[in-house]
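These numbers come from the heavy atoms of this one structure, side chains and all, not from hydrogens, waters or symmetry mates.
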Protein chains: 2
Amino acid sequence: MPNTADDLRAIALAEFTTAGYSATSLHRIAELAGLSKSSVLYHYSSKETLLEATVAPAIDRMTAILDELSSGPFTPARRTAFLEEFVDFILQYRREVNLFINQGPSLIDVPVIDRANEVVYRLAEHFAATTGSIEDKMRFGIALGGAAYTLCSQDELGFALPIDETRAALVTILTELLAPIPVASLSNQEK
Amino acid sequence: MPNTADDLRAIALAEFTTAGYSATSLHRIAELAGLSKSSVLYHYSSKETLLEATVAPAIDRMTAILDELSSGPFTPARRTAFLEEFVDFILQYRREVNLFINQGPSLIDVPVIDRANEVVYRLAEHFAATTGSIEDKMRFGIALGGAAYTLCSQDELGFALPIDETRAALVTILTELLAPIPVASLSNQEK
DNA sequence: GAGTAACCTGACCGATCGGTCAGGAACTGT
DNA sequence: ACAGTTCCTGACCGATCGGTCAGGTTACTC
């Protein structure tokens, strides 16, 4: 039985990702929830507080994954397990990730966005995207931004692909994108 | 000698992509241009008109590329040439593409966005992303959304990677992402 | 000098924004 | 019956939004 505060959080998340944070009014959120604007401000003291509550669960989850990952050696086996964990994470929290990816730069001085930036930095470290070549950095960026975009554009366009197939495809593509490249696929380019 | 109207267009593009369309006020654009808000509305009769002028060049360019491509057979050689053309396009118009990718859903009933959607659909056809498997659709989405995100996050974070290396890396990654994979998933090659 | 077109401006408008506040309604425990 | 807490509301506030309008300034033409 979800309470009103959770309803508002879910509605806000959907509106923030589709219409944009600044384009979403508290009146609009209240309308979708069947409440008045004052009621929204009763549950969340400000629009920014509502934003914080909206993205915080995703950040907490990713932080937990990274913490658990840092507790041991980064073997190839754990790497592939981590990639699947990451896929499941981004499937569950695609809207939150998309919100951060696309609107993060415009939401500076919001504390929760700083936390999100930190998490993304830690995530990038595990894919050598902070120390590696330009191509490695771009592979990480394309995987992160591309996955968030692809998954959310499905929602926005109204249709939904079957989750199990989506998950399998995502694992395949991200593995190909992020795995340490075997010598074979470097063959075609110059230098 | 750049035109005042062109200045405004460039300023608007930068602000629309970083801060978001609805979060960018005409006053802000005027301030950055050293003009008054009334002057902005002299050159562009409305905020929406300014948006149209901002994204139109990118759409025109991509339309031209697609038209020229449709005029002949889609041989493998032309396919790779087209991919490089696409990379050059997205490098030049990364802000416009990012604007459409991220804020397009919130800008419905703006005519220029409809044109952009049409262009993206035509683009998707060339990568079998409208007829292919779920994985093919996702490959296209990840390539498009990921490239736009990665290139624009560079600008937003203030640093700029060397363009020639960026271009080479982008060609490599997108080829790997979008090219029909030899053995693994060649289900949709002929048909 | 008169006319005119391009460019720019401040004052102003109605609408909407996020947020405050006093208080009503319903449910508790006593 | 009483008081307290929770939840919700409309009225209201100052600020800002996109946009209109009348008019000022420059420069070029006749």
Chemist: Assuming nearest nucleotide by heavy-atom distance, tell me which of A:Gly34 and A:Tyr42 is located more 5' along DNA chain D.
Modeler: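 Nearest-nucleotide comparison on DNA chain D picks A:Tyr42.
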Chemist: How long is the gap from OG1 on B:Thr49 to NE2 on B:His43, to the nearest 0.5 Å?
Modeler: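 So the OG1 of B:Thr49 and the NE2 of B:His43 are separated by 13.5 Å.
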Chemist: What contact category does A:Thr49 fall into here, base, sugar-phosphate, or nothing, at under 4.0 angstrom with non-hydrogen atoms?
Modeler: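 Since no nucleic acid heavy atom lies under 4.0 Å of A:Thr49, the category is nothing.
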Chemist: Quick check on D:dT6: is either OP1 or OP2 less than 4.0 Å from any side-chain nitrogen or oxygen of A:His43?
Modeler: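 So the side chain of A:His43 is outside the cut-off, no N or O lying under 4.0 Å from OP1 or OP2 of D:dT6.
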Chemist: Around atom CD of B:Glu118, are there more than 12 heavy atoms of other residues, nucleotides or ligands at under 6.0 Å?
Modeler: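 Open.
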Chemist: Report the residue (B:Ser36 or A:Ser38) whose heavy-atom-nearest nucleotide on DNA chain C is the more 5′ of the two.
Modeler: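 Whichever sits nearer the 5' end wins; that is B:Ser36.
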Chemist: Specify the separation, in whole Å, of atom CG of A:Leu26 and atom P of C:dG19.
Modeler: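 Result: 6 Å.
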Chemist: Pick one: which of A:Phe140, A:Phe86, A:Phe82, A:Tyr121 meets ring pair (Phe, Tyr, Trp, His ring centres under 6.0 Å) with A:His126?
Modeler: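 The ring pair (Phe, Tyr, Trp, His ring centres under 6.0 Å) with A:His126 is passed solely by A:Phe82 among A:Phe140, A:Phe86, A:Phe82, A:Tyr121.
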Chemist: CG of B:Leu8 versus P of C:dA6: gap in Å, rounded?
Modeler: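 In whole Å, C:dA6 P and B:Leu8 CG are 17 Å from each other.
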Chemist: Compare all side-chain heavy atoms of B:Leu151 with those of B:Leu91 and state whether any distance is below 4.5 angstrom.
Modeler: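 In short, these two side chains touch, coming nearer than 4.5 Å.
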Chemist: At under 4.0 Å between heavy atoms, what does A:Ser39 touch on the DNA or RNA strands: base, sugar-phosphate, or nothing?
Modeler: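 Touches a base.
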Chemist: Is there a donor and acceptor pair closer than 3.5 Å between the side chain of B:Lys37 and the base of D:dG19?
Modeler: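 Yes.
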Chemist: In whole angstrom, give the distance that lies between atom CD of A:Glu15 and atom P of C:dG18.
Modeler: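 My rounded result for the distance is 12 Å.
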Chemist: How long is the line joining CZ of B:Arg28 and P of D:dA15, in whole Å?
Modeler: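 Result: 20 Å.
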Chemist: Between D:dC17, D:dC8, C:dC8, spot the one nearest the side chain of B:Thr4, thanks.
Modeler: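 Between D:dC17, D:dC8, C:dC8, the one nearest the side chain of B:Thr4 would be C:dC8.
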Chemist: Rounded off to whole Å, could you give me the CG-to-P distance for the B:Leu35 and D:dG24 pair?
Modeler: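 In whole Å, D:dG24 P lies 21 Å from B:Leu35 CG.
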Chemist: Closest to the A:His27 side chain: C:dC17, C:dC8, D:dG19?
Modeler: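 Of all the options, the side chain of A:His27 is nearest to C:dC17.
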Chemist: Measure the distance from OH on A:Tyr44 to P on D:dC8 and round it to the nearest whole Å.
Modeler: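 To the nearest whole Å, that distance equals 12 Å.
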Chemist: Classify B:Ser22 by what it touches in the nucleic acid, base, sugar-phosphate, or nothing, heavy-atom distance under 4.0 Å.
Modeler: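 No contact.
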Chemist: Just how far is it from atom CG of B:Leu123 to atom CG of B:Leu144, taken to the nearest 0.5 Å?
Modeler: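 Atom-to-atom, B:Leu123:CG and B:Leu144:CG are 6.5 Å apart.
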Chemist: Has A:Ser25 got a side-chain N or O lying under 4.0 Å from the OP1 or OP2 atom of C:dC17?
Modeler: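 For A:Ser25, the contact criterion (side-chain N or O under 4.0 Å from OP1 or OP2 of C:dC17) is met.
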Chemist: Starting at CD1 of B:Ile29 and ending at C1' of D:dC17, how long is that distance when rounded to a whole Å?
Modeler: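 In whole Å, D:dC17 C1' and B:Ile29 CD1 are 13 Å from each other.
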Chemist: Starting at atom CD of A:Glu48, determine the distance to atom C1' of C:dC17, rounded to an integer number of angstrom.
Modeler: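 My rounded result for the distance is 15 Å.
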